[in-house]
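Single-structure report; data block below.
Quick note on labels: first sequence line is chain A, next is B, and so on, each numbered from 1.
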Amino acid sequence: MRPGGAAPTPRIYLALLAAFVVLVVLYVNGRYDWTWVNDDAIVLTKTSRNVYVEATLSPKSKAYQFGFAYPAVNTFMAQITGQPIEGLQDYVQPFLVVVLVPLSFIAFRGITGSTATGVLAALLLFLQPEFLFEVLRSSHAKVTWSMALAMVFLLSRSLTPGHGRPRIAVWVILFYLAAFAAISSNSFFASSYVFGLALVFAGTRVAASLRRYEGDAYARLGRLWLVVVSCLVLVFVFIFYLYEPALTQFRFLKHELDKLAVLLFGAESEGAATLANPYAYVGGTWTSFGVYLFVSSANWLVLVLSFGRWLALGWHQVRHHQTLAPQRALLWWLYPAFALLLATAVALDFLGLLSTNLQVRLFPHLMVFALPLAAEAIVGLVGASRGWRPNTTRALVGVFSLTGAVLALAAVFKVSNEPLLSDWWAFYLPEERRAVEWIGENVHNNNVWTGYDRRLAILVDWYGDWSSGRMESVVGNRMSAARYALLTSLTEGRALRRGETLPNVDPYQRVYDTGSVQLYYSRPLTPYQR
Amino acid sequence: MYRSCVKISRLLYLKLLPLLVVLTYGFVEVVGVAADALVEVPDDPILVFGVTQQDLNGDGGPDVTQIDCAFATGSDRVLVYDQMENMQTGSGWEEATDFTDDVWVFDVGADGTAQLIVDSEMVDELYTAFIYDDVDGDGQVSYALVGHRIVVSESSSWTVKVQSDRPWSPSDELSGARLEFWVDGNTELGPGIAGVLKGDGLVDWQYEIGDRNGDDINDYQLRRVVSPTLTRYNLANLHKSALWSQVVAVARQPTPYANSVFWPLIVGKHYYEDYRYFDHLPAIAVDWTNGVVDRVGTLGYPIEEGYHIYSRLPCEKDAVNAANFENPMAYFDMANDRDGWPELQVRFNVAVSRDPYFPGYQYAGAIGTPNLEVNYSWDQDNDNRWDYKFNLGANYGINEVVEFPDFAIKSVPYDEIVPWVMGRTWDVAMLVFDSRPSPDSEGMFGKGWMIDRGYAKAKVVEPSGLSSGYLMGLADRPPTEYYQDIQEGMRGEYSFQYFDMPKMYLSALDRQLHLSGAQSGVRKLGAGHYLRYANLDHDAYLDQWQEERDGYVTKQLNASGGIYVYSGSGSVHVKQSDLAPALFETQPPGNNDEWLRLDAQLKANQMDAAPEDFAVMLGQIAGHEARIRGAATRDYRITAAGFRFVLELEEGFTAQADPELRMPLPEAPGTYLIEYDGAVWSLQPATPVALRVDNFQVNAPDGGLLALDWTTVDAVIANEGLEDVRDLPVCATLSGPDEQSAVLTNTIALVPGEGSVSVAWDWAPAVAGTWTVRVETGCDAGSDLPAAVRIVQGRQIEVEACPEPAATWFLSLGGRIPDSVWLLLAGVIMLAGSLTFFWTRESSKAL
């Protein structure tokens, strides 16, 4: 394919893609009658409310430890609309994901130099379930990814030949503004991004020295060290001087290797994250491995295509001394850089070198750079079909269309953790919410077992107000810490499917019952079990 | 311009990047340096060999005074630099120097290096000194003399700053001065985390010493964490606040340290438990060998009359602060002898509601119930060693408030501590006696039991789970297994359901102080040699004494209903008496009168016999008796109206009994069961244990047994013999399809002769199918149990599968989700397909 070649009109595609994203938002929330909840959204709702109430970016009550940008955006919207933060989080923020549609397109077009590839990569981005899951939530991810994509675009523009210094200066200034915005949204996400660029710099230097190659692309990529150092300074200043809550991550971690891992990999310690062990994810979440393969099919497709494309480009560079445009060379290097970071993080975690289980969030990073490569591969295939017979071309169009539809279905199933296929549920029944509120009002100074997973515990965090009554929810196998057990039809349904035995409540007193929700009180066996 | 940018970039690249890496890696924790040998604080003042002065700027006046002396080695030197042009000419250091604006450089070994620098000046009309010590670990404080000014280059910040509202000299006026210390680092943590904190220019700890009652004698010190890092994240499990307070009827004037190094606050590092806090003026103790400040503030430990609080919770000014852990640790001069040693020590170990450090890792911070342990140790014979201790536990919170000038602590006021403890009922109580008492600055702390500290297999078990599990409601039974052993020479008794005020009694039998209402007790006499105590009838008094050697009972004495039964050394001795079990009952002493009275009562009722000599104990009782030689008893137990035991008679036994006792005696050797119903004795040949499993069933609900559904496995264990069986292990073994299995265990404390006991286990079958259920007695009991108690009974049961919710239920979430949502899903799929279709079609044409 010819870079920058004739392309379909992007506006129509972008409009359709925006409509697609809106439908996804409507479906994912409508699937649970707008009772879709998750920890990150709740934490950000609370911290945004704190920012709003205390009128400071670093509220004393509790600040979002990774950055202030998203709470600041929420506060801004609440101030100008007069709407409560909770309402904005529930009904406005999910739709703002649409902003990412044009941003992803210009970023991918910028780094590939092709409109057609940019359109396709943007479409694939919104079929990528991990990315979609992050940005659909009412969390910082929308702001972070917006800025990350803006950085990709601005960096690629600044590397593109043919611009005068004043124009480049504008791109550079805008790049650092975007970088600072990304850091202020999630400093550790941004730091891992910077370390990815550092690896690109190191890789290009090594490659250049090995091949004694002084092409334009490598010369331009040589400037990346300035980007890396400048961004690291920004990260350092932000974490250690501008936003004290960001240090929380460090303080929780005991060892220097953990701290370095947080910076390098943008990982979150268990204390801050809420997911279960990510390596037990498949067994703990999906009803079968086949289901997992299906709902993740977009990932596999993109990984296979991108790796093939990356190899092909590498082969052409090595064997045929083909030179890539600087921005495409950047893409070619970013892909292995993030793959290496991801592999290192997983290896460190598996080897037990880290004192805490880190929630590695690097997969979407890798995918963002895999997507344009995969899109290039598809564009190449489609371009090659021009000489085929019409029927073959039509068949190709049909297969591609069907694949797009299936990938969309798989993505929304994965994003929404479709209960037909998944055991990791992130929704609640209105009766469960009422029970949680009732317990908060009527039970005091005790603990309540709320299930093997954190589904109801999240609900308690959000609606319970249990702390004023010195109440707490306990989950998992810590049943002995609780005198109460909250059982619901969803808890029972999930346990039945997973083959789990619920607490034996036969000797308990049933103190609350709405049909689908029961609260049981364990009869004391000693004077201290009151 | 461009070149400048490149230069700056290179600078950043070469300098800042490594710095960033270092900072990223920055919080290096280095732990563990061998503690220096500590010396006792010497009484002799330091030696001064000579004082010389020098004019550095040629103005005719002295600028530096050199003091050759011996404060750390045989030849040391102190250089005092004038900073305000006011140094006086003189031959004595007192007239030549001052502590208001001079800089003092302390040079250990007079080798030209500095080990400590004190920069004194007036700040806001307060006498202020900034102390610099070694930060980089080379044992000296780097500095330079610029003109006649001292510039410290060791660190940009001081290690200690101290302020006083009174002059440093004369030192005796400091006894009522308000003193404040600020410390960068932590002088009590060693160079590990302290090394990280030190030298960063941030104050980590603040000490303040003041006078609470206005008698011009300091009587409290508050030490608290002020570092934001340490306040929010207790990296080393530090005590975030510590309060020392002196409470005496007549305040004692603290004395200056005799060996202070010129400045009254500077002393050498020494052993701080040789004297009591508030005995001396506050100080800055310096480790001269390493050139570092070792301690600051009020030194000494503990006190004769007073208390301190160590809390892991922060202490805020102008607030009422909750305090956990040791709150308070109080000391009382119960002998009124002012000898520096307390005779009563009361340690409160407090866990506040949802205490972040209690009850253990898994549940820390998760339990709303507060918890309190009180250790009440006293020295009965005034030899400065702790003889007795009450451990008391309950889920009490502390709501009393102790006020200080600008803060308050939730703590029991000192004067109310004894009545507070004695006037309350306690859930758990223990009495520990030490026949080989030891000195300990924190009461009977290092030896014996505590509420959450037991002892088993010659090792301390902590936490034992008594307060951290049982009292928190997390366990259904107390951890009695950790209170069956104790250190040699000690005796411990406990009640895990006490519900009474602390009380003890002097036993009429063994003439020892025992816990009233004790459930059980143990005394360790030597290796494998124990006395075990029991309270079989659950009244206020112990009624069973057993001597145990290497796990076997060698002697036993029982008392019930006025009948005493002793068995040991091949004979059985039965005696009837209406002797009261206690000679007197009392609460632990809390003041001088009670302490003296108890002492007199103990001395008046002493018995000169070994504690295991039950024969002597029984011999002091008068009454009708029976003596059987060539005999032994076993399986003594209390019955509804009296007691029973098994009597074993050897060939050639002899027996005689007072007729008034009316006890039947066997005429032939053999094994007999003797019962006493409170009035009448009975005698019959004993029959051995014969077990049977009755009514063995797995309870199925109406719809049959379902997988994952709870049910019970029930059985009745019957004993057809006359003899009892004790501590009988019983197991239910369940084997199902897919190699599923479960073993449910239970231990029956007693299956009485000609009686039965029901057992039940909760069980939820993991899978559906045919299960084999087997009940077995005597399982896992090794070879101790005879074959007669090993019986097995089994059966097969069918378990049905539990129906899962249907797919339609998941799709509609129980009928809650409207069908329209599937239109949205269809829209998503169609739009994705259409987008791909159009893109592929258009691209295949355009490319």
Side-chain angles (χ1 to χ4, degrees), chain A residues 1 5-8 13 16-17 19-20 23-24 26-27 30-31 33 116 119-120 123 127 225-226 229 232-233 236 251 256 259-260 263 379 382-383 385-386 393 397 400-402 404-405 408-409 412 419-420 445-447 470 472 474 478 480-481 489 493 496-497 501 504 506 525-526 528-529, chain B residues 9 12-13 16-17 20 23-25 27-28 229 232-233 353-354 362-363 366-369 395 427 470-474 476 497 708 710 762 764 766 802 804-805 807 809-811 813-814 816-817 821 824-825 827-844 846-847:
Chain A
M1 166 204 156
Y13 289 119
L16 285 172
L17 187 53
F20 167 77
L23 276 182
V24 169
L26 285 170
Y27 170 74
R31 174 74 181 94
D33 204 14
V119 167
L120 181 60
L123 171 60
L127 295 179
W225 74 268
L226 274 169
V229 171
L232 277 179
V233 170
F236 177 77
R251 287 168 177 153
E256 281 59 48
K259 293 167 186 170
L260 199 60
L263 274 181
V379 164
V382 171
S385 72
R386 203 163 45 164
T393 306
V397 171
F400 274 30
S401 307
L402 188 63
L409 178 69
V412 290
L420 192 62
N445 196 28
N446 224 311
N447 293 339
R470 302 202 296 187
E472 222 169 71
V474 296
R478 296 199 310 159
S480 58
S489 56
L496 279 176
R497 191 163 70 185
T501 307
N504 183 11
D506 288 347
L525 297 176
T526 77
Y528 315 109
Q529 294 176 330
Chain B
S9 305
L12 289 171
Y13 180 46
L16 196 57
L17 192 59
L20 277 173
L23 287 171
T24 306
Y25 242 89
F27 303 99
V28 179
T229 305
R232 292 181 65 175
Y233 312 105
S353 174
R354 303 223 177 268
Q362 194 181 8
Y363 301 109
I367 309 292
T369 307
N395 293 327
D427 297 339
Y470 183 62
L471 282 178
M472 287 292 100
L474 300 174
D476 294 342
Q497 286 92 30
L708 305 179
W710 286 97
D762 292 327
C802 201
E804 280 186 30
W809 186 92
F810 285 109
L811 286 172
L813 298 182
R816 200 165 61 89
I817 302 303
V821 79
L824 287 172
L825 181 62
V828 166
I829 297 166
M830 287 179 64
L831 206 45
S834 303
L835 260 168
T836 324
F837 173 78
F838 287 122
W839 182 90
T840 316
R841 198 181 65 175
E842 294 301 316
S843 297
S844 64
L847 294 172

Counting only N and O atoms by type, is there a donor-acceptor contact under 3.5 Å from the side chain of B/W710 to the main-chain atoms of A/T501? no
Counting heavy-atom pairs closer than 4.5 Å to chain A, which one of [options] comes out on top?
| options | answer |
| --- | --- |
| B/L831, B/I817, B/L825 | B/L825 |
| B/N395, B/D762, B/D427 | B/D427 |
| B/Q497, B/E804, B/M472 | B/E804 |

Any residue meeting side-chain hydrogen bond (donor to acceptor under 3.5 Å, both in side chains) with A/N446, in chain and number order, not counting sequence neighbours: none
[atom1]/[X] to [atom2]/[Y] distance, rounded to the nearest 0.5 angstrom?
| X | Y | atom1 | atom2 | value |
| --- | --- | --- | --- | --- |
| A/N447 | B/I367 | CG | CD1 | 5.0 Å |
| B/R816 | A/S489 | CZ | OG | 9.0 Å |
| A/L26 | B/L824 | CG | CG | 5.5 Å |
| B/L811 | A/R31 | CG | CZ | 6.0 Å |
| A/Y13 | B/S843 | OH | OG | 5.5 Å |
| B/I829 | A/F20 | CD1 | CZ | 9.5 Å |

Counting only heavy atoms closer than 4.5 Å, note whether [X] contacts chain B via side chain, backbone, both or neither.
| X | answer |
| --- | --- |
| A/V412 | side chain |
| A/L123 | side chain |
| A/D506 | side chain |

Please determine if A/R497 forms a cation-pi arrangement with B/F810, meaning its NZ or CZ atom is less than 6.0 Å from the six-membered ring centre and no more than 45° off the ring axis.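 The answer is yes; both the distance and angle limits are met.
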Mind running side-chain contact (heavy atoms from CB on, under 4.5 Å) on B/F837 and A/L402 for me, showing each step along the way? CA-CA 8 Å; B/F837 173 78; A/L402 188 63; over 6 Å; no
Heavy-atom side-chain proximity of A/V379 to B/W839 below 4.5 angstrom: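 Yes, close enough: below the 4.5 Å cut-off.
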side-chain contact (heavy atoms from CB on, under 4.5 Å), that's the test. Do B/D476 and A/Q529 meet it? Break it down for me. CA-CA 8 Å; B/D476 294 342; A/Q529 294 176 330; 2.7 Å; yes
Ring centroids only, cut at 6.0 angstrom: are A/Y528 and B/Y470 within range, meaning strictly under it? yes
Any idea which of A/L17, A/L525, A/L409, A/V397 has the most non-hydrogen atom pairs under 4.5 angstrom with chain B?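 Greatest number of close heavy-atom pairs with chain B: A/V397.
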Find the one option among A/L127, A/L16, A/L120, A/L496 whose heavy-atom pairs under 4.5 Å with chain B are most numerous. A/L120
I need the minimum non-hydrogen distance between [X] and [Y], along with the two atoms involved.
| X | Y | answer |
| --- | --- | --- |
| A/G404 | B/A832 | O-CB, 3.6 Å |
| A/F400 | B/T836 | O-CG2, 3.1 Å |
| B/P805 | A/G493 | CG-CA, 3.9 Å |
| A/P419 | B/L813 | CG-CD2, 3.8 Å |

